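Before any comments, here is the structure.
Treat the numbers as computed from the prediction; the structure is a model and nothing was measured. Chain A is the first sequence line, chain B the second, and so forth, proteins listed ahead of strands; every chain is numbered from 1.
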Amino acid sequence: MSDLKRGLSEAVAAAFAAAGLPAELGRVTPSDRPDLADFQCNGALAAAKTARRDPREIAAGVTATLAADPRLSLVEIAGLGFINMRVSDTALSERANEIAADPRLGAGEVETARRILVDYAGPNVAKPMHVGHLRSSIIGEAIKRIFRFRGDLVVGDAHFGDWGYQMGLLIGAVMDEDPFIKALMEQLNGRGRPVTPEEEKTAFAALEGRVSLEDLDRLYPAAAARGKEEPEYRDRARKLTAELQAKTPGYHLLWRHFARVTKVALERDFHALGVDFDLWKGESDVDDLIAPMVKELDAKGLLVDDQGARIIRVARQGDKRDLPPLLVVSSEGSAMYGTTDLATVLDREKSFDPDHVLYVVDQRQADHFEVVFRAAYLAGYAPEGSLEHIGFGTMNGTDGKPFKTREGGVLKLNDLIEMTRTKARERLREADLGAELDPDAFDDTAHKVAVAALKFADLQNFRGTSYVFDLDRFSSFEGKTGPYLLYQAVRVKSLLRKAADEGVKTGPITVSDPAERDLVLLLDAFDQALNDAYDKRAPHFVAEHAFKLAQAFSRFYAACPILSAEPVLRSSRLALADTTLRQLEQALDLLGVNAPARM
RNA sequence: GCGCCCUUAGCUCAACUGGAUAGAGCACCUGCCUUCUAAGCAGGCGGUUGCAGGUUCGAGUCCUGCAGGGCGCGCCA
């Protein structure tokens, strides 16, 4: 099954080939001039250049061949040599029925599935998510879903930041604050043997009520600041970090508690946002790989001593700039950020063996990843070109600087969601929507509206665009917004319920009205939108499609009575509405958005 | 200093291998709820695509230069 664009492209390509011209010139695109045509082909213009012939003359040869195509009600040459095509109502109806019967709603699949790993969000221990995590989380989630829907085998990895100096800082800060924990650590560390499962259980139970994510969130910034100011404090934290990495029993147990309370809270928050991971691999998981990796890199002759550190040079012939080397071992002998990333590549190669890895991380890290990737290729840890950084733009406040709350702090993601949810409740009441819902369902609807508003505000922009974080815009409910999309979906659901009540069934789709034609043309364009999103790793193509589809439906809904139409037309239009809903919900799902049943 | 990215309507953003009249939403103006949800629909207003050259039958898109903005450039992650 293929969409109209592809089907027509084949026909036009054949026509070009018949005229002795390259078949690839026959590429068909949606028309720029919907008033003149449904589809167009610009190949004659391109051919004219190389063949040194009049484009209209070339087009004439092609259109003569196409005239017999039963799918087309009109083929004509326009302007300088554009080939304009209008699809017949019959062909359009046929395509609509095809999409209606297709579980994939007209979307194609990749020819050969690849194993894809998507690395996104990157939450850290002891840090609740703030607005800065929004982009990676929702763009990464959308990319994961888009790739999966296209047929690849995809896993999403949160890439948990659970290791390093920050952990030493936290261990110290927690012990300073709570004498009980300090005593517990001394007790567990002092016995020179691992903790038994029984002791572990008791210790975890004791820690449960004493150290929460809120405590960690409060202690960490203070400890980090103090570490910067006081060398002794910093040294102690480093020592604690080293002891943790040496798996000193008490510290290791305490650290596992940190990681667990953080993960539990984060998973809940992510889930509320419609973001769910298959893997929560942490930096700690690759710690054991680092020492042997360094040895191996050395054996391969890749490590170079430089200013007391050990580095891998990754510069290549033809580089326009001096790319820094990968710093593998610092002059103090410790592993660095890039070392962990390299070990992660190695770990993934061993555990999942991906064909391709997508790193959904801020654009500013582009150079860092380029360095890591090159080192990984040199080391043979991943095939050349299989690691890809999917950068996204930064999020700033209205002053162009990193976003801050009025108090000057970072805005927590939960607070943002709650603010938007509150606004959603107000707006639902104002518009007298959801009045018949019970309180729980009402809250659920408000939550879905809020999440849709937040996600769509971000995902409608190309990921590379840096943008200004504007709360009003993020919680706007009119026009090109998430709630608009939900609203259209809910209107169809309401319509379908009413139809079911009246015993009206869907039937074969027959298009005739212009609004019906436009709607079917959009349903047909789903595959192309998905393709673009997949190829460019850019969810906004799906967002754009969803919006256009919702818009086309709304026009259709306004122009074409459904339930009051005569029976055959009524069944056709109901089927069209039903198909639109299913495709819209599929597109929304790819964006990580759910439509409520009512609103 | 070197390098990367950006500059499109008053604002926020789109624009498929270079193609016809550069599109949406917001804001503003005019209509439309006794018929399926008006968070909607129909229509209007709004552009020298930062500036200057170049390539091309044709440039928002490619090339060069300039201006303005953002970001990155081994011992933080």
Side-chain angles (χ1 to χ4, degrees), chain A residues 24 27 29-33 35-36 40 42 45-46 48-49 55 78-82 84 122 124 161 163-166 224 228 283 306-309 311 319-334 336-338 340-341 362-368 371 391 393-394 396 400 427-428 430-433 449 457 460-462 464-468 470 472-473 476-481 483-484 486-488 490-499 502 528-529 531-532 535-536 540-541 544 547-548 551 554-555 557-565 573-574 577 598-599:
Chain A
E24 54 267 26
R27 199 157 51 84
T29 59
S31 178
D32 291 334
R33 295 286 304 272
D35 53 320
L36 300 178
Q40 68 184 57
N42 304 336
L45 292 164
K49 197 170 201 164
L80 298 165
F82 300 99
N84 280 343
N124 292 306
W163 209 233
Y165 171 65
Q166 44 181 345
K228 270 186 188 164
E283 292 167 345
D306 191 83
Q307 298 169 41
I311 63 171
D319 278 352
K320 282 194 207 163
R321 63 190 190 284
D322 294 328
L323 215 52
L326 181 73
L327 185 57
V328 180
V329 184
S330 77
S331 50
E332 289 186 354
S334 52
M336 307 301 294
Y337 177 35
T340 308
D341 281 349
D362 193 312
Q363 189 62 51
R364 288 176 294 192
Q365 309 231 17
D367 282 359
H368 166 74
V371 169
T394 53
N396 297 320
R427 294 300 303 274
L428 280 166
E430 277 171 30
D432 201 30
L433 290 167
V449 169
Q460 67 172 292
N461 302 328
F462 174 65
T465 307
S466 284
Y467 67 91
V468 171
D470 180 355
D472 288 338
R473 179 171 165 237
S476 166
F477 297 161
E478 273 150 33
K480 193 173 183 176
T481 63
Y484 172 88
L486 299 191
Y487 182 71
Q488 300 308 337
V490 165
R491 287 214 290 194
V492 188
K493 290 185 183 186
S494 169
L495 181 73
L496 293 175
R497 276 195 300 268
K498 190 158 275 189
E502 295 175 12
Q528 182 61 43
N531 248 313
D532 288 340
D535 289 343
K536 302 198 173 76
H540 84 280
F541 285 106
E544 183 70 20
F547 177 67
K548 281 189 187 159
Q551 224 176 14
S554 198
R555 290 191 187 120
Y557 186 80
C560 302
I562 299 166
L563 295 180
S564 59
R573 286 179 174 170
L574 192 65
R598 302 162 198 268
M599 66 187 267

Nearest listed nucleotide, side chain of A:Pro325, among B:rA24, B:rG74, B:rA77
B:rG74

Sort out the partner of B:rG72 for me: Watson-Crick or G-U wobble, both distances under 3.5 Å, none otherwise.
B:rC2

Of A:Leu327 and A:Gly164, the one whose nearest nucleotide on RNA chain B sits closer to the 5' end is A:Leu327

Out of B:rA20, B:rC76, B:rA15, whichever nucleotide has its closest atom nearest the side chain of A:Met336:
B:rC76

Of all the choices, B:rG25, B:rC36, B:rG19, which nucleotide is nearest to the side chain of A:Phe547 once you look at every atom?
B:rG25

Expressed in whole Å, how much space separates the P atoms belonging to B:rC75 and B:rU8?
36 Å

Taken to the nearest whole Å, CZ/A:Arg491 to C1'/B:rA38 is 8 Å

Given B:rC75, B:rA15, B:rA14, the nucleotide with the shortest approach to the side chain of A:Phe541:
B:rA15

For B:rA14, does the base pair up with any side-chain atom of A:Gln460 as donor and acceptor (N or O, under 3.5 Å, distance only)?
no

For A:Asp535, I'd like to know if atom CG has over 12 heavy atoms of other residues, nucleotides or ligands within 6.0 Å.
yes

Which is it for B:rG69, anti or syn, if anything within 90° of zero counts as syn?
anti

Reported OH-to-CZ distance for the pair A:Tyr557 and A:Arg491, which is rounded to 0.5 angstrom:
5.5 Å

Nearest listed nucleotide, side chain of A:Ile311, among B:rG25, B:rC2, B:rG74:
B:rG74

Span that lies between the C1' atom of B:rC16 and that of B:rC29, in whole angstrom:
35 Å

Going from CD on A:Glu478 to OH on A:Tyr487, what distance comes out if it is rounded to the nearest 0.5 angstrom?
11.0 Å

Taking B:rG31 as the reference, what is the distance to B:rC51 when you measure between their P atoms (whole Å, please)?
38 Å

Regarding the side chain of A:Val490, the nearest nucleotide among B:rA14, B:rC41, B:rU37 is B:rU37

For B:rA24, the Watson-Crick or wobble partner whose two distances fall under 3.5 Å:
B:rU12

So, OP1 or OP2 of B:rU37: does either fall under 4.0 Å of a side-chain N or O from A:Arg598?
no

When the P atoms of B:rC76 and B:rU49 are compared, how many Å lie between them, rounded to an integer?
49 Å

Aromatic-base stack, A:Phe82 on B:rA20, cutoff 5.5 Å, angle under 30:
yes

A:Thr29 has a side chain; which of B:rC16, B:rA38, B:rA77 sits nearest to it?
B:rC16

Looking only at non-hydrogen atoms, find the nearest pair between A:Pro483 and A:Met599 and report the distance.
O-CE, 4.2 Å

With heavy atoms under 4.0 Å as the rule, sort A:Asn461 into base, sugar-phosphate or nothing.
sugar-phosphate

As its Watson-Crick or G-U partner within any shown strand, both distances under 3.5 Å, B:rU49 has none

Could you tell me how far B:rG68 sits from B:rG44 if I compare only their C1' atoms? Round to whole Å.
35 Å

Counting distance alone, no hydrogens or angles: does the base of B:rA20 have a donor or acceptor under 3.5 Å from a partner atom on the side chain of A:Asp35?
no

Could you tell me which nucleotide pairs with B:rC36 by Watson-Crick or G-U wobble geometry, both distances under 3.5 Å, or answer none if nothing does?
none

Distance between P atoms of B:rA77 and B:rG40 (Å, rounded):
48 Å

For B:rC41, the nucleotide meeting Watson-Crick or G-U wobble distances (both under 3.5 Å) is B:rG31

Syn within 90° of 0, anti beyond: B:rC33 is syn

Between B:rU30 and B:rA52 - P atom distance, rounded Å:
38 Å

Is the distance from OP1 or OP2 of B:rU37 to the nearest side-chain N or O of A:Ser494 less than 4.0 Å?
yes

As a test of reading the structure: which of B:rU37, B:rA20, B:rC36 is closest to the side chain of A:Ala78, going by heavy atoms?
B:rA20

Does A:Ser466 get its side chain close enough to the base of B:rC6, under 3.5 Å, for a donor-acceptor pair?
no

Give one of base, sugar-phosphate or nothing for A:Tyr337, where a contact means two heavy atoms less than 4.0 Å apart.
base

Reported CG-to-NE2 distance for the pair A:Asp532 and A:His540, which is rounded to 0.5 angstrom
8.5 Å

Distance in Å, A:Leu36 CG paired with A:Asn84 CG, rounded so as to fall on 0.5 Å steps
6.0 Å

Which one, B:rC36, B:rU37, B:rG74, comes nearest to the side chain of A:Gln307?
B:rG74

Where the side chain of A:Lys536 is defined as all heavy atoms beyond and including C-beta, which of B:rC41, B:rG74, B:rC16 is the nearest nucleotide?
B:rC16

Same-atom distance (C1') from B:rA14 to B:rU56, integer angstrom
26 Å

